[in-house]
Amino acid sequence: MTTELLALGGAAAGVATAAALLVPRAWRRAQLSMAKQPGLAGHSRMALRLARWLPGYDHGESHFFGADDAPEAVQQRRRAGLRRLAAGFANRHPKTLELTQAARELVSDLQFTGRYRVPFPFSRYLREQFGVGAFLEMAEGNQVRDLDGQRYLDLTGSYGVNVFGHAFYQRSMAEGARRALPLGVVLGSYHPAVLDVARRLTRLSGQDEVSFHMSGTEAVMQAVRLARYHTGRRQIVRFCGAYHGWWGEVQPGPGNPLPAEHTFTLRDMDARSLRVLRTRRDIACVLINPLQALHPNRPAPGDSALLGSRPIAPVDLEAYGRWLRQLREVCSERGIALIFDEVFVGFRLAPGGAQQLFGVQADLVTYGKTLGGGLPVGVVCGKATWMRRFRDDKPADICFARGTFNAHPQVICAMQVFLEALDSPAIQDLYAGQAQRWDARVARFNAALQEAGHPVQVRHLQSIWTLAFPTPGRYHWMLQFYLREQGLLLSWVGSGRIVFSLDFSEADMDEVLRRFLAACAQMRADGWWDGAPSSKQLKRQLLLETWRAWRA
């Protein structure tokens, strides 16, 4: 009996010990779940499963114009509008469209962007009706010209590269090439400009050291590797909707073939996320993309996913700044690397980027895009304690990162020209008062849109704009083609990302507004904003379409 009691007592003690160990782990897991954004945005595995399950289907001609159950008379106006658009594109851009079609068979990027300009049920039929040119032959001022001599006002920003205007980068590239030509393509050794560039970058970023890479994605990869190396931890924290390049570890949802095993996607601007950072011991770094101030906890808007409304609140810079300061405090307490990914916003918001705008110093900062003066580049700036790649006491324990084309002479020299120009009076004038200037421009746009009765609003982070559609509609994505018809060039994601160079004058903005209003008026006349369903009707339509496709 005594032996049995001892055995029972030992078992009970073992259960109690196990429970004591499991309860904190379960609590930490519960805290993590509560800190994730509800729905697919915060649960990457669920989003990946849904992406693999969601059936593809097409709206043929019979349903393309009436997906919102609009009356037949409205559908006929839409048909006529689409035919007119298609004929106009074909007549004005024959050479450009012909070259685009030929290149699409060989260039996989064109196949992807062509397919995902609009929501997938509408994509095939729309591509059959008309194409969109992908080739340009000249940039001049804030305009670009295609192969047929047609000119556009460039609102693409070259995906963020074009901060100061095309002429600025043409000069930077030409002068960079001139300075680098005597050394040619000697790699491994450095061009003398490297030291000047490094000094300028450390001064602007407030950091101690720099390393050079070939893209923003590479720079983010190295920043995360350094954080893991110095902390000995594996987990990355990113925030819902933020984009940090195409590397799988920082792109955990659709677009990445495999789940990101060591990435937590948490709620932006939420106290529950701070609790996770304070209580876990496995977090190496926190990645911040300051562009998320424009749309916290949402991915970058793109017309390919625009199935209903797109409400976006105005930016609250004070609230976002408070959030960044809270993150800075927690990361310092816990020995977590705070990484600012300024590949897109760096040098656009201010000479010192988001660090300067929000008054928050990161441990590591990544740059790219515009910094290369028009050439591809990635840079990591950081504190010396985070940037070191070796240990004196353990000579085999290193964090290796090299690349053949890192610090390429021509790229370095173009970067030097770019950084020199930041100090010029002309560039300083572009920065001076820019926040108030862009606020006033957006206010003028929104007032004009409201007066005309168009269901569109502009939201912005200075010169980075996005279009919000407050009311539901199945065809808001059509606006990108009407804007193109009016000579306003957008990138392939459409009206979700409009990026101005800082050299746009008030007269230029007046012209953009005139064309913008004309595009909205024509889209309205063609019936695309008539017969808009309610949110409940829209959800019912989408669920029914998906169910029918799944059963087919």
Side-chain angles (χ1 to χ4, degrees), residues 37 41 155 157 160 163 239-243 267-271 273 288-303 305-306 308-327 340 342 344-345 348-350 353-354 356-360 431 433-473 476-477 479-480 483 488 490-491 493-502 504 506 509-510 512-513 516-517 520 529 535:
Q37 183 77 357
L155 309 189
V163 173
F239 293 102
C240 287
Y243 180 72
R267 301 187 197 210
D268 217 348
M269 303 178 71
D270 196 291
S273 297
I288 298 294
N289 185 339
L291 183 59
Q292 287 306 106
L294 182 55
H295 36 71
N297 293 312
R298 298 187 181 190
D303 286 352
L306 188 49
S309 59
R310 187 160 65 198
I312 299 174
V315 173
D316 188 340
L317 291 180
E318 289 188 10
Y320 194 74
R322 286 195 300 272
W323 165 247
L324 294 181
R325 288 189 287 275
Q326 290 174 321
L327 284 173
F340 273 23
E342 298 216 37
F344 196 95
V345 299
R348 177 173 287 275
L349 303 180
Q356 178 181 340
L357 181 68
F358 294 106
V360 178
Y431 279 125
Q434 72 157 332
Q436 296 78 10
R437 184 161 57 250
W438 288 106
D439 286 349
R441 289 171 173 178
V442 167
R444 185 153 50 95
F445 261 71
N446 282 332
L449 289 167
Q450 183 176 9
E451 183 179 357
H454 300 313
V456 187
Q457 295 176 344
V458 175
R459 298 289 183 253
H460 76 301
L461 181 61
Q462 294 189 9
S463 57
I464 305 167
W465 291 19
T466 190
L467 297 189
F469 298 92
T471 57
H476 292 315
W477 46 266
L479 182 57
Q480 63 180 296
L483 292 171
L488 298 177
L490 307 183
S491 67
V493 300
S495 62
R497 180 60 51 78
I498 296 173
V499 185
F500 291 92
S501 53
L502 302 188
F504 268 72
E506 295 307 316
M509 296 303 296
D510 287 342
V512 173
L513 178 57
F516 202 99
L517 292 172
C520 290
W529 280 327
S535 294

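A quick note: this is a predicted structure, and the numbers were derived from the prediction, not measured.
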Gap separating the [atom1] atom of [X] from the [atom2] atom of [Y], nearest 0.5 angstrom:
X    : Y    : atom1 : atom2 : answer
L502 : W438 : CG    : CH2   : 6.5 Å
L291 : R348 : CG    : CZ    : 10.0 Å
H476 : S309 : NE2   : OG    : 7.0 Å
W465 : L294 : CH2   : CG    : 12.0 Å
L461 : L317 : CG    : CG    : 6.5 Å
N297 : M269 : CG    : CE    : 8.5 Å

Check whether F504 forms a cation-pi arrangement with R441 (NZ or CZ under 6.0 Å from the six-membered ring centre, at most 45° off the ring normal).
no
Validation row: [X], [Y] side chains within 4.5 angstrom (heavy atoms):
X    : Y    : result
W529 : T471 : no
V493 : Q480 : no
Q457 : V442 : no
H454 : L517 : yes

Looking only at heavy atoms, what is the nearest atom pair of [X] and [Y], with distance?
X    : Y    : answer
Q434 : A350 : NE2-N, 4.3 Å
P470 : A468 : CD-O, 3.5 Å
E342 : P290 : CG-CG, 4.5 Å
G494 : D303 : CA-OD2, 3.5 Å
L479 : C520 : CD1-SG, 4.1 Å
V315 : H460 : CG2-O, 3.1 Å

Apply side-chain contact (heavy atoms from CB on, under 4.5 Å) to L324 and list each qualifying residue two or more places apart in sequence or on a separate chain.
I288, Y320, L327, F340, F358, V360
Report the relative orientation of the aromatic rings in F239 and W323; use parallel for angles under 30°, tilted for 30 to 60°, perpendicular for over 60°.
perpendicular
Would C240 and D268 satisfy side-chain contact (heavy atoms from CB on, under 4.5 Å), going step by step from the backbone distance to the final call?
CA-CA 6 Å; C240 287; D268 217 348; 5.8 Å; no
Would a distance-only check, ignoring hydrogens and angles, find a side-chain to backbone donor-acceptor pair under 3.5 Å from Q450 to A447?
no
side-chain contact (heavy atoms from CB on, under 4.5 Å) between F445 and V512, intermediate numbers included:
CA-CA 10 Å; F445 261 71; V512 173; 3.7 Å; yes
R437 vs M509, test: side-chain contact (heavy atoms from CB on, under 4.5 Å). Steps then yes/no.
CA-CA 11 Å; R437 184 161 57 250; M509 296 303 296; over 6 Å; no
Walk me through whether I464 and R497 qualify under side-chain contact (heavy atoms from CB on, under 4.5 Å).
CA-CA 7 Å; I464 305 167; R497 180 60 51 78; 3.8 Å; yes
Testing the 3.5 Å rule here: is there a donor-acceptor pair between the side chains of R310 and T466?
no
